[in-house]
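Following: one structure in structure tokens, then a few remarks.
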Amino acid sequence: MKKIRTRFAPSPTGYMHIGNLRTALYAYLFAKSQGGDFILRIEDTDRARYVPDAVEFIERTLSAAKIIPDEGPHHGGNFAPYVQSERMDIYKKFAEQLVAEGHAYWEDGAIRQKMPRVGETTFFDVLHGNITIANSELEDQVLLKSDGMPTYNFANVIDDHLMEISHIIRGTEFITSTPKHVLLYEFFGWELPTFIHLAPVMGKADDGTISKLSKRHGATGFNDLIDAGYLPEAITNYVALLGWSPKNSCQEIFSMDELIKNFSLDGLSKSPAVFDYAKLDWMNGEYFKAMTDENFAAVAEKYFADFDAPRKIFLAGLLKTRVAKLSDIPAMIAFLKNLPPFDAELFFNKRNKVTPQKSVEILTPAIKILEQVDDWSFEVLNEKISAFTAQSGLKIGAVMWPLRIALSGQKVTPGGVTEILYLLGKKISLERLHAALEKLQ
């Protein structure tokens with residue numbers, strides 16, 4: 001059997017959109033699942049839209065997503081060069097061949113493809129079946145511009161054939177161009193590759209309307225999502241499920257090796273997929289939960305800079321089951337750095353029958369006990385607070401409520417009173433408790 005070879009052929013015109021990432025991922029997964037090769041080719045013939053450093057940006061993104069080319073500009077391979085602007089002589093030769101054979105002609109210094117005026121062009125697509133377009137709808141497209149630069153529609157056909165690409169995976173927006181490509185293959189007498197045109201990724205607006213995913217829907221680039229606090233592996237996992245599902249399985253969390261093992265073309269959907277940030281939040285959270293405290297502390301390092309090593313690990317254990325993305329962390333731990341303004345109303349708690357006056361009665365002895373604590377470790381603090389609660393004769397909630405409010409200035413915190421005491425340290429904890437007591441009195 002012919003070796004499976006797929007390619008990802010982006011234009012270096014900007015950031016890596018989720019749709020581009022999914023195309024690269026599916027091409028990679030299919031090739032790897034079949035023991036084949038995945039090629040990165042840079043299609044930089046549109047010089048007006050060329051962005052400096054975009055190639056390096058694309059390669060860094062693929063690396064972060066664990067989509068590793070077998071061949072490419074910086075990966076070697078037998079079909080170099082893998083950058084189209086370095087292959088100009090190749091395109092010129094094949095364009096002139098078409099002119100000589102009567103399938104193209106010169107016009108105003110450019111070479112145009114001569115389309116048949118009658119009949120139809122049909123090609124088979126794995127997802128959409130046979131697609132037929134009347135030749136009368138196909139204009140005589142430019143193959144080689146007057147400056148010698150090839151057009152996308154010409155260069156990608158030449159390169160796909162010469163690089164022995166067996167399967168072309170790309171978006172549905174290329175379906176209308178494919179008959180032009182098919183005719184070029186026929187003019188040259190080349191075997192057609194297999195076409196797979198992926199349905200688009202859609203976004204949902206605040207008003208519920210669905211349209212093609214764009215920046216107005218939020219972070220839609222791989223690096224945008226990284227900056228928002230999502231893990232690369234969670235993004236890759238989620239993107240894999242935007243238009244593909246494993247056969248006979250409800251599994252949703254996949255390592256890259258598991259994706260490769262399970263991927264098949266018949267798991268692809270021809271219906272558009274909707275990018276759901278809530279689902280991505282859930283998936284990212286699952287990755288956090290599976291981390292060790294040490295690993296979570298490492299990925300959240302920039303948010304934990306104010307804590308010593310033991311407290312970083314301790315805080316990681318509190319947060320990793322509570323956050324959906326790393327950017328949630330600052331708001332959750334802001335009270336540890338800056339106590340919110342005092343609000344006596346927060347000390348009312350109807351359920352636990354706590355009032356500001358009752359809070360004074362609880363805080364006063366609690367402060368005395370905590371002032372005597374020399375070993376400010378979580379274990380010792382937990383023992384002291386538990387003993388105090390038992391001696392008070394009150395419900396746990398009644399004791400913890402005023403302590404939590406005095407220490408944090410908010411009703412909900414990651415972790416309870418003992419955790420907050422430990423993280424704040426003895427000095428700041430007692431300062432906050434004394435300040436609250438004075439204001440309540």
Side-chain angles (χ1 to χ4, degrees), residues 5-32 37-47 49-77 79-87 156 159 163 169-171 198 201 213-215 217-242 254-257 259-260 263 275 277 280 283-284 287-288 291 295-296 298-303 325-327:
R5 286 174 61 82
T6 65
R7 49 75 163 174
F8 176 53
S11 297
T13 57
Y15 77 126
M16 182 82 85
H17 186 275
I18 288 301
N20 302 135
L21 181 70
R22 187 186 64 164
T23 298
L25 178 60
Y26 286 175
Y28 174 78
L29 292 176
F30 178 61
K32 296 294 103 180
D37 295 329
F38 170 69
I39 293 87
L40 172 63
R41 185 174 73 227
I42 303 299
E43 301 197 338
D44 63 343
T45 57
D46 188 349
R47 304 307 291 181
R49 297 176 60 218
Y50 178 81
V51 175
D53 301 325
V55 175
E56 290 75 13
F57 187 86
I58 289 166
E59 291 184 322
R60 284 199 305 271
T61 299
L62 292 177
S63 177
K66 300 296 188 290
I67 301 172
I68 310 301
D70 295 289
E71 302 170 22
H74 299 108
H75 298 273
F79 300 90
Y82 292 92
V83 178
Q84 285 186 337
S85 60
E86 300 172 13
R87 299 170 61 82
N156 93 85
D159 290 341
M163 294 181 184
I169 300 176
R170 58 192 178 196
L198 304 171
V201 179
L213 187 67
S214 65
K215 284 189 174 182
H217 294 112
T220 58
F222 182 84
N223 276 67
D224 293 334
L225 292 170
I226 294 293
D227 291 343
Y230 296 99
L231 294 170
E233 53 268 40
I235 300 170
T236 302
N237 188 161
Y238 179 66
V239 169
L241 300 176
L242 287 174
F254 291 88
S255 66
M256 183 61 86
D257 286 343
L259 284 173
I260 291 170
F263 190 83
F275 192 93
Y277 290 93
L280 177 58
M283 185 169 286
N284 203 55
Y287 273 82
F288 286 154
M291 284 181 158
N295 285 345
F296 185 82
V299 299
E301 172 63 33
K302 69 177 182 179
Y303 303 109
K325 51 189 181 297
L326 294 174
S327 56

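How far OH of Tyr287 is from CG of Asn295: 14.0 Å, rounded to the nearest 0.5 Å. From Arg87, atom CZ reaches atom CD1 of Ile42 across 12.5 Å, with rounding to the nearest 0.5 Å. One finds the CZ atom of Phe222 at 4.5 Å from the CD1 atom of Ile235 (value rounded to the nearest 0.5 Å). With rounding to the nearest 0.5 angstrom, the CG atom of Asn284 is 8.5 Å from the NZ atom of Lys325. Here CG of Asp53 is found 7.5 Å from CZ of Arg60. Values are rounded to the nearest 0.5 Å. Taking CE of Met16 as the reference point, atom CZ of Arg22 lies at 14.0 Å (rounded to 0.5 Å).
Annotation: ring pair (Phe, Tyr, Trp, His ring centres under 6.0 Å) contacts of Phe288 (sequence neighbours excluded): Phe296. For Asp46, there are no side-chain hydrogen bond (donor to acceptor under 3.5 Å, both in side chains) partners, not counting sequence neighbours.
Looking at Asn237 and Leu231, their side chains never come closer than 4.5 Å, going by heavy atoms from C-beta outward. When side chains are defined from C-beta on, Leu225 counts as touching Ile18, because their heavy atoms get closer than 4.5 Å. In this structure the side chain of Phe275 reaches within 4.5 angstrom of the side chain of Tyr238, judged on heavy atoms. Annotation: side chain of Phe57 is not in contact with side chain of Pro12 (no heavy-atom distance under 4.5 Å). Side-chain contact between Tyr28 and Met256 is present, with heavy atoms from C-beta onward closer than 4.5 Å. Between Asp159 and Arg7 there is no side-chain heavy-atom pair separated by less than 4.5 Å.
In this structure, Leu242 and Val201 approach most closely via the heavy-atom pair CD1-CG1, 4.1 Å. Nearest heavy-atom pair, Pro232 versus Ala64, reported as atom, atom and distance to 0.1 Å: CB-O, 3.4 Å. Nearest heavy-atom pair across Ala27 and Thr6 is O-OG1, 2.8 Å. Residues Val83 and Pro73 approach most closely at CG2-CG, 4.0 Å, considering heavy atoms.
Ring centers of Tyr26 and Phe263: under 6.0 Å apart, within the cut-off.
No option in Ile58, Thr23, Leu62, Thr61 other than Ile58 meets the side-chain contact (heavy atoms from CB on, under 4.5 Å) test with Pro10.
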Go through Leu213 and His17 one step at a time and tell me if the side-chain contact (heavy atoms from CB on, under 4.5 Å) criterion holds. CA-CA 9 Å; Leu213 187 67; His17 186 275; 4.1 Å; yes

side-chain contact (heavy atoms from CB on, under 4.5 Å) assessment of Arg41 paired with Asn156: CA-CA 10 Å; Arg41 185 174 73 227; Asn156 93 85; 3.9 Å; yes

Using side-chain contact (heavy atoms from CB on, under 4.5 Å), reason through Leu21 and Ile67 one step at a time and then give a plain yes or no. CA-CA 9 Å; Leu21 181 70; Ile67 301 172; 4.0 Å; yes

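A distance-only check finds a donor-acceptor pair linking the side chain of Ser11 to the backbone of Glu43 [under 3.5 Å]. Judged by distance alone, the side chain of Asp44 and the main-chain N or O of Ser85 form a donor-acceptor pair under 3.5 Å.
Listed by first and then second residue, the salt bridge (Lys or Arg N to Asp or Glu O under 4.0 Å) pairs that reach into residues 66-77 are Arg5-Glu71, Lys32-Asp70, sequence neighbours excluded.
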